[in-house]
There are 2 protein chains.
Amino acid sequence: MNKKIGIQGIKGSFHHLVAMDYYHKEVEVMEHLSFHELAQKLAAKESDEAVMAIENSIAGSILPNYALIDEYNLTVVGEHYTPVNMNLMALKGQEIGDIKKVFSHPMALLQCKQFFKQYPHIKLIEDVDTAEAAKRIHDEGLKKVAAVASPAAAQMYELEILAESIHTIKSNATRFLVLGTEQKKPNGEKLDKASIKFDLKSERGSLVSVLNIIRDCYLDMTKIQSLPIIDEPWKYSFFVDVTFERPEDFERAMDVLKLMTEGLRIFGIYKNNLS
Amino acid sequence: MNKKIGIQGIKGSFHHLVAMDYYHKEVEVMEHLSFHELAQKLAAKESDEAVMAIENSIAGSILPNYALIDEYNLTVVGEHYTPVNMNLMALKGQEIGDIKKVFSHPMALLQCKQFFKQYPHIKLIEDVDTAEAAKRIHDEGLKKVAAVASPAAAQMYELEILAESIHTIKSNATRFLVLGTEQKKPNGEKLDKASIKFDLKSERGSLVSVLNIIRDCYLDMTKIQSLPIIDEPWKYSFFVDVTFERPEDFERAMDVLKLMTEGLRIFGIYKNNLS
């Protein structure tokens, strides 16, 4: 039986492309209308694993997704990077001069902001999913309307691409997490990256002390983000990603961090896929 | 003549409430449909200053807004914290059992996620602005539809509050920046906080060295966020907020950081409003 993989959005969405890319084989995708539903269904084991967008170079981390991972006690078992590739598409026969409205996901519209500056008469409207906007144009035969989505969505929903690669920053990529319900077991491959969270009081130097430990244990930090903790002035949560050569270095660092920080949580240990 | 203050959204929006609170006096608000328009109009001096949401405890920083501040060469001249207060509102006479759809800003819906779990038949639909959703219900006499917005929006657009304070985390606050086009000049009050950005190569320990300088100069860091730089593997931008007692400590730290980092940008020096 094929593995069931939860995605946000529908077939043809960027999450769908990531699922195809990451698993390199037949998987059954489970379409979800929100990240919340995706997390919920995975926790209920209605899917086996799920892919979830977590950050890009424009918007930074999607922190509410960490809250979902926490809330549903999910684990990070992998990561995947996908280049951004945004295309303007509409029903066959439509031309760009005909288009009055463009629907897409807010992040997709943000990535194409520069392109649309030359078409001030086009109204940009936020939608839940890139592919869903494309599908609706197809299903309802909407004229004068376009979607911003992947080439796969154009093909799947029989739309014509009016302008390709319309995103401003050509080498931008989105990072996705692959989620499960248990910590990943090494399966031949090297697990050399981890996502962790911890809380710290803002005593002068406490973060420096933690970063010194991370450095002394030969971990390399690829991401850090602080978040104020509600109701506890000057106390912060930190979300940190680290890479390492030897798992025992990571374990040693975590043993110390357990004592130096509060609420240490290891979201998962997985293979670094940033080439 | 009253000062013209740009806001995102329309009258009754949270940005409008912040403008009223922050200026404690008559100001003329300029309504904008997007953060982009807000930044653009301020840069063109069509408004004198503007307020812009920048972070909250659920979603973290709204990084694209930093990109707008950068792009339009705006400055941070102040900050303001507003408690989240979300309310469900509809036309008079409607009851919660009648409601089929709820419109609001994605962040507002996110903050009320728990509340809506008890009403699985209600469809949540993302909108550009909380107050705009309320206004549309009023203007078009929409039945079976509700908005999530501030009490001020309910009053302004003659809607009835069906459920008050429906946000999950009761003490959550949103932080807003007050933006101008020039660095703030001290005007009697103490300017004891600054927002800066710098780039660093991920050489082991380089961030630790910068944080050591910040500590040695008696600055307290209230926020840190890293963002990978596109096309430059293992190079990161850092967005940092610091507070300090003496402006000369801040200047000293910046003199060193200019040499240790690349692309140091001081978005602004302003009064710390976190009580």
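Chain A is the first sequence line, chain B the second, and so forth, proteins listed ahead of strands; every chain is numbered from 1. Only this structure's heavy atoms are used, side chains among them; waters, hydrogens and symmetry mates stay out.
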Colleague: I'd like to check the salt bridge (Lys or Arg N to Asp or Glu O under 4.0 Å) partners of B:Asp199; sequence neighbours left out, ordered by chain and number.
Modeller: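 If we apply the salt bridge (Lys or Arg N to Asp or Glu O under 4.0 Å) test to B:Asp199, skipping adjacent residues, there are no hits.
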Colleague: If you measure from CD on B:Gln225 to NZ on B:Lys197, what distance do you get to the nearest 0.5 Å?
Modeller: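 Output value for this atom pair is 12.0 Å.
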Colleague: Which bit of B:Phe238 comes within less than 4.5 Å of chain A, counting heavy atoms only: side chain, backbone, both or neither?
Modeller: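 Contact with chain A: side chain only.
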Colleague: Under 3.5 Å, sequence neighbours excluded: what are the donor-acceptor pairs made by side chains of residues 100-116 of chain A?
Modeller:
residue  : atom : partner  : partner atom : Å
A:Ser104 : OG   : A:Val148 : O            : 2.6
A:His105 : ND1  : A:Met107 : N            : 3.1

Colleague: What part of B:Leu33 lies closer than 4.5 angstrom to a heavy atom of chain A: side chain, backbone, both or neither?
Modeller: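 The answer is neither part of B:Leu33.
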Colleague: What residues of residues 35-44 of chain B make heavy-atom contacts with chain A at a cutoff under 4.5 angstrom?
Modeller: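 Within residues 35-44 of chain B, near chain A: B:His36.
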Colleague: Are B:Tyr66 and B:Phe267 close enough that their ring centres sit under 6.0 Å apart?
Modeller: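 Centroid distance B:Tyr66-B:Phe267: below 6.0 Å, so yes.
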Colleague: Run the salt-bridge test on B:Glu79 and B:Lys223 with the 4.0 Å N-O cut-off and return the result as yes or no.
Modeller: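 Here B:Glu79 does not pair with B:Lys223 in a salt bridge, since their nearest N and O are not under 4.0 Å apart.
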Colleague: Please report the interatomic distance CG(B:Leu219) to CZ(B:Arg246), rounded to the nearest 0.5 Å.
Modeller: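 Rounded to the nearest 0.5 Å, the CG-CZ separation comes out at 10.5 Å.
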Colleague: Donor-acceptor pairs under 3.5 Å, side chain of residues 119-130 of chain A to any protein atom, not counting sequence neighbours: which ones?
Modeller:
residue  : atom : partner  : partner atom : Å
A:Asp127 : OD2  : A:Arg136 : NH1          : 3.1
A:Asp127 : OD2  : A:Arg136 : NH2          : 2.9
A:Asp129 : OD2  : A:Ile10  : N            : 3.1
A:Asp129 : OD2  : A:Glu132 : N            : 3.2

